[in-house]
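Numbering starts at 1 and runs along the sequence shown. In each ligand, atom 1 is the first atom listed, and ligand 1 is the first ligand listed. Computation of the quantities below employed the complete heavy-atom set of this structure, encompassing side-chain atoms and omitting hydrogens, waters and symmetry-equivalent molecules.
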Amino acid sequence: MERLILDCDPGQDDAVAILLANGATNLKVEGIVAVAGNAVVEDTLENALKLTEEIKMDVPVYRGCSSPLIRKQVIAEKIHGKGGYAGPTFTQQRIKQCAGDGIDFTIDTIMSNPGEINLVAIGPLTDIAVIIKKEPRVIDNVKRIIIMGGSLIEGNITPTAEFNVYADPEAARIVFSSGAEIYMMGLDVTKQVQLGKDEFKRFKEEQKNSPTRAREIFIDGMEYYTSTCVDANHEYPAMHDPCCIAYLMDPSIFSFVERDIDVETKGEFTYGMTVGNWPDKNSKTHVGIKADSDKFFDMLSKSLSK
Ligand code: BDR
Ligand code: CA
């Protein structure tokens, strides 16, 4: 059983990561922390609360940071819709409440369970940087940090930068240089897991044959996400964030290379770029480079049938 804290900014693909984790039999989600990213933190928090309530996921939801360390805030409502998570319809009356401060929760959970907790970060890395600054010993006590962010190839918000890193490059730099055991699931690997027409058809058929609320929420979100992704980049939506959860469920789906990651925080044209230096003996970042997308979608199908 892998135990994890999910730091996220739901977000269409963040929501899929939550749905995937909720259906996983070998994961225990200790808590969800919502950080500002795809939308402002009030919205990402609300989205996490609504989604987990709707799928009856028994997990506390905490509030993370509301703005990047230094840079001016950027959000991605163009892709994810107004409020960061357009598509599904949720009940108006939410009962579930925020469980408190996500920074303290994450530090306390990691420090009281040495070597046990995976920290999965699928939004900008602001919270993780703040945690490292506040309690540097988390680096030796966390099991792994699994990050959706960065790219060795090209970016998606600028030609050189991926959104989560671009949204807070100074935070990303602190995390990648922290010395923690890091798995970077960047665009190199997540763009290999795209919800194309055939994959989407499969989920719709499965829903017709044996409907579940989780799959309905997935389909409604993906209808929206597909349209914005195709409009923005003429590509089917990549399952960016769920790749981190999929790695924990079955690491054999992915292959990695070792790199020493630097984050560009000054470049006029390359701000937010992740630079993969050739590894040295201290390199601890495993960069995902290959994914078995068929296995991924089989796994997602199982989770959504719950
Ligand atoms: C990342 O950016 C966000 O918009 C997605 O949720 C994902 O975490 C992909 O670049
Ligand atoms: Ca995200």
Within the distance-only criterion (no hydrogens, no angle test), does the side chain of Asp14 pair as donor or acceptor with the backbone N or O of Gly123 below 3.5 angstrom? no

Transitive ILVMFWY side-chain link Ile147 to Val257, under 4.5 Å: yes

Check Arg94 with Glu54, please: is the shortest side-chain N to carboxylate O separation under 4.0 Å? no

Return yes if some donor-acceptor pair links the side-chain N/O of Glu205 with the main-chain N/O of Arg202 below 3.5 Å, else return no. no

Asp127 side-chain N/O to Cys65 backbone N/O, donor-acceptor pair under 3.5 Å: yes

Do any nitrogen or oxygen atoms of ligand 1 lie under 3.5 Å from a protein nitrogen or oxygen, and which ones?
residue: ligand 1; atom: 4 (O); partner: Asn38; partner atom: OD1; Å: 2.6
residue: ligand 1; atom: 4 (O); partner: His80; partner atom: NE2; Å: 2.9
residue: ligand 1; atom: 6 (O); partner: Asp13; partner atom: OD1; Å: 2.5
residue: ligand 1; atom: 6 (O); partner: Asp13; partner atom: OD2; Å: 3.4
residue: ligand 1; atom: 6 (O); partner: Asp14; partner atom: OD1; Å: 3.0
residue: ligand 1; atom: 6 (O); partner: Asn38; partner atom: ND2; Å: 3.1
residue: ligand 1; atom: 6 (O); partner: Asp241; partner atom: OD2; Å: 3.1
residue: ligand 1; atom: 8 (O); partner: Ile122; partner atom: O; Å: 3.0
residue: ligand 1; atom: 8 (O); partner: Asn164; partner atom: ND2; Å: 2.9
residue: ligand 1; atom: 8 (O); partner: Asp241; partner atom: OD1; Å: 2.6
residue: ligand 1; atom: 8 (O); partner: Asp241; partner atom: OD2; Å: 3.1
residue: ligand 1; atom: 10 (O); partner: Asn156; partner atom: ND2; Å: 2.8
residue: ligand 1; atom: 10 (O); partner: Glu162; partner atom: OE2; Å: 2.4

Assess whether a salt bridge exists between Glu53 and Lys50, defined as any Lys/Arg side-chain N lying under 4.0 Å from an Asp/Glu carboxylate O. no

Side chains of Ser252 and Lys295: donor-acceptor distance under 3.5 Å anywhere? yes

Any donor-acceptor pair under 3.5 Å from Asp260 side chain to Asn277 backbone: no

Using a cut-off of 3.0 Å, find all protein N, O or S atoms closer to the Ca ion (ligand 2) than that distance. Asp9 OD1, Asp14 OD1, Asp14 OD2, Ile122 O, Asp241 OD2

Using a strict 4.0 Å threshold on nitrogen-to-oxygen distance, state whether Glu223 and Lys204 make a salt bridge. yes

